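Just below is one structure, and these are the notes that go with it.
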Amino acid sequence: LWSWITLDNDQEMKLNLLYVSSQKNKSALFSEDDLVKRIKSPLKLELKKIFCKTESNNIEQQKIFESEQIKKFLNKNNLLFCFDKNGDKFSSENFSDLLFKQTKDIDFVIGGSFGISKKLLDSSNKVISFSDMEFSHDIFRLMAIEQIYRAQCIFNNHPYHQK
C-alpha cells in the first residue's frame with residue numbers, strides 16, 4: 001500500500017481534511033485560517049466540513065451513518081488516513097516523513113463525536129493518533145492543521161520547527 005518515493009520539489013500534493021460536525025456554522029478559530037493560508041507548495045490543504053446531524057441514539061449506528069457520509073467525499077485514488085486515538089503515534093519529524101514520502105494525494109478524516117466506524121478505519125491506509133486523550137473537534141482540527149503546517153516547515157527546513 002505504501003509508496004516510499006520522495007515528493008519532488010515541483011510536484012504538488014493535495015491534502016483534504018474531512019471532518020464531521022453537527023454545527024451548521026464554521027467555528028471561528030482565529031489560528032485555523034492563518035495556518036491554512038501558510039500551507040503552500042508542495043502541499044495544498046483543503047478543509048471539507050461534512051455536516052451530520054444525530055441520526056441514532058446507538059453509537060455504532062451513528063458512526064456507521066457518519067462514515068457513509070464521509071465516504072461520499074473520499075477520492076478512491078487518494079490515500080486514506082484516519083485520525084483515531086487507537087492509531088499509530090508519530091513525532092512531528094516522522095509525520096512529516098510520512099506525508100512527504102507519498103506519491104498520492106491524501107484524504108485525512110476526523111470522525112464525529114463517537115469516532116469513526118471500524119469498517120472505515122479498517123479500509124484506511126493509516127490510522128494516526130495524536131494522543132490517548134480526547135479533544136474537542138475544533139481543537140483537534142486546529143492541531144491537525146498545525147501539524148501539517150509543521151510537517152511542511154520540517155520538509156523545507158523552515159525555522160518554525162526548531163529542535
Side-chain angles (χ1 to χ4, degrees), residues 1-21 26-27 29-50 66-67 69-112 115-163:
L1 291 175
W2 292 101
S3 177
W4 295 105
I5 300 170
T6 303
L7 194 67
D8 293 330
N9 285 338
D10 61 343
Q11 189 177 3
E12 187 168 83
M13 180 191 322
K14 184 176 181 188
L15 306 175
N16 297 307
L17 179 61
L18 296 90
Y19 63 98
V20 172
S21 177
K26 184 178 184 232
S27 67
L29 288 173
F30 70 92
S31 298
E32 182 177 298
D33 290 336
D34 181 52
L35 282 172
V36 170
K37 288 176 189 171
R38 290 180 185 207
I39 297 172
K40 295 182 175 25
S41 184
L43 300 179
K44 180 182 178 192
L45 178 64
E46 183 176 322
L47 302 181
K48 294 182 180 179
K49 179 190 227 175
I50 301 169
E66 291 172 354
S67 292
Q69 301 308 305
I70 290 167
K71 286 181 188 177
K72 295 176 185 177
F73 294 90
L74 297 176
N75 183 326
K76 66 179 180 169
N77 296 319
N78 291 0
L79 294 171
L80 174 59
F81 290 179
C82 292
F83 289 110
D84 185 89
K85 72 178 183 176
N86 296 314
D88 297 328
K89 292 180 178 66
F90 292 86
S91 67
S92 295
E93 292 85 356
N94 289 341
F95 183 68
S96 180
D97 286 344
L98 175 70
L99 292 186
F100 286 99
K101 289 183 178 177
Q102 305 311 313
T103 58
K104 292 183 174 185
D105 293 339
I106 302 170
D107 288 334
F108 287 102
V109 172
I110 300 172
I116 300 170
S117 72
K118 181 176 177 359
K119 185 176 178 182
L120 187 57
L121 287 172
D122 289 346
S123 70
S124 68
N125 299 95
K126 194 63 151 169
V127 180
I128 300 168
S129 172
F130 279 4
S131 172
D132 292 330
M133 295 179 178
E134 294 180 18
F135 302 96
S136 73
H137 283 75
D138 290 341
I139 295 298
F140 187 82
R141 186 174 65 253
L142 181 61
M143 290 170 40
I145 294 166
E146 193 279 339
Q147 282 301 302
I148 292 168
Y149 174 65
R150 183 176 295 276
Q152 172 189 287
C153 290
I154 292 167
F155 180 75
N156 292 323
N157 294 315
H158 187 278
Y160 180 82
H161 178 77
Q162 309 229 345
K163 292 203 173 217

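A quick note: this is a predicted structure, and the numbers were derived from the prediction, not measured.
Within the 3.5 Å criterion, the main-chain N or O of D88 finds no donor-acceptor partner in the side chain of S129. A distance-only check finds no donor-acceptor pair linking the side chain of D84 to the backbone of V127 [under 3.5 Å]. Listed for the H137 side chain is a donor-acceptor partner under 3.5 Å among the backbone atoms of G111.
Between V36 and L47 there is a side-chain heavy-atom pair separated by less than 4.5 Å. Between F90 and I128 there is a side-chain heavy-atom pair separated by less than 4.5 Å. Residues M133 and K85 have side chains not in contact (no heavy-atom distance under 4.5 Å, counting atoms from C-beta outward).
Electrostatic pairing of D105 and K44 does not count as a salt bridge here, judged by no charged N lying under 4.0 Å from a carboxylate O. Checked for salt-bridge contact, R141 and D138 meet the test: a charged N lies under 4.0 Å from a carboxylate O.
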Next on the checklist: Run the side chain to side chain contact (heavy atoms under 4.5 Å, CB included) test on S124 and V109 for me, step by step, so that the C-alpha distance in whole Å, both residues' side-chain angles and the decisive distance to 0.1 Å come before the verdict.
Outcome noted: CA-CA 10 Å; S124 68; V109 172; over 6 Å; no
Item to check | Trace of the side chain to side chain contact (heavy atoms under 4.5 Å, CB included) decision for I70 with L120 | outcome: CA-CA 9 Å; I70 290 167; L120 187 57; 4.0 Å; yes
Checklist entry - Going through the distances and angles, do N78 and K104 end up as a side chain to side chain contact (heavy atoms under 4.5 Å, CB included)? => result CA-CA 6 Å; N78 291 0; K104 292 183 174 185; 5.8 Å; no
Next on the checklist: Before you tell me yes or no, could you show the steps for D132 and K89 under side chain to side chain contact (heavy atoms under 4.5 Å, CB included), namely the whole-Å CA-CA distance, both residues' side-chain angles and the distance that decides it to 0.1 Å?
Outcome noted: CA-CA 10 Å; D132 292 330; K89 292 180 178 66; 2.9 Å; yes
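Here the OG atom belonging to S117 is positioned 8.0 Å from the NZ atom belonging to K119, to the nearest 0.5 angstrom. Taking OG of S67 as the start and CG of L121 as the end, the distance is 7.5 Å to the nearest 0.5 Å. How far NZ of K48 is from CG of L18: 6.0 Å, rounded to the nearest 0.5 Å. Rounding to the nearest 0.5 Å places CD1 of I116 at 4.0 Å from SG of C82. The CG atom of N125 sits 6.0 Å away from atom CG of L80, with the distance rounded to the nearest 0.5 Å. Rounding to the nearest 0.5 Å gives a distance of 6.5 Å between CG of L99 and CG of L43.
Remark: K118 NZ is loosely packed, at most 12 non-hydrogen atoms of other residues, nucleotides or ligands lying under 6.0 Å away.
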Pairs of donor and acceptor atoms involving the side chains of residues 142-152, under 3.5 Å and at least two apart or interchain, shall be tabulated with distances.
| unit_1 | atom_1 | unit_2 | atom_2 | d |
| --- | --- | --- | --- | --- |
| E146 | OE2 | R150 | NE | 3.1 |
| E146 | OE2 | R150 | NH2 | 2.9 |
| E146 | OE2 | Y160 | OH | 2.8 |
| Q147 | OE1 | S92 | OG | 2.9 |
| R150 | NH1 | H161 | ND1 | 3.0 |
| Q152 | OE1 | K40 | N | 2.7 |
| Q152 | NE2 | R38 | O | 3.3 |

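Between F100 and F155, the ring planes lie parallel to each other; the angle is under 30°, not in the 30° to 60° tilted range.
A pairwise comparison of heavy atoms in Q102 and L98 identifies NE2-O, 2.8 Å as the closest pair.
Here the options are Y19, F135, F108, the test is ring-ring contact (aromatic ring centres under 6.0 Å, His included), and the partner is F83; only F108 passes.
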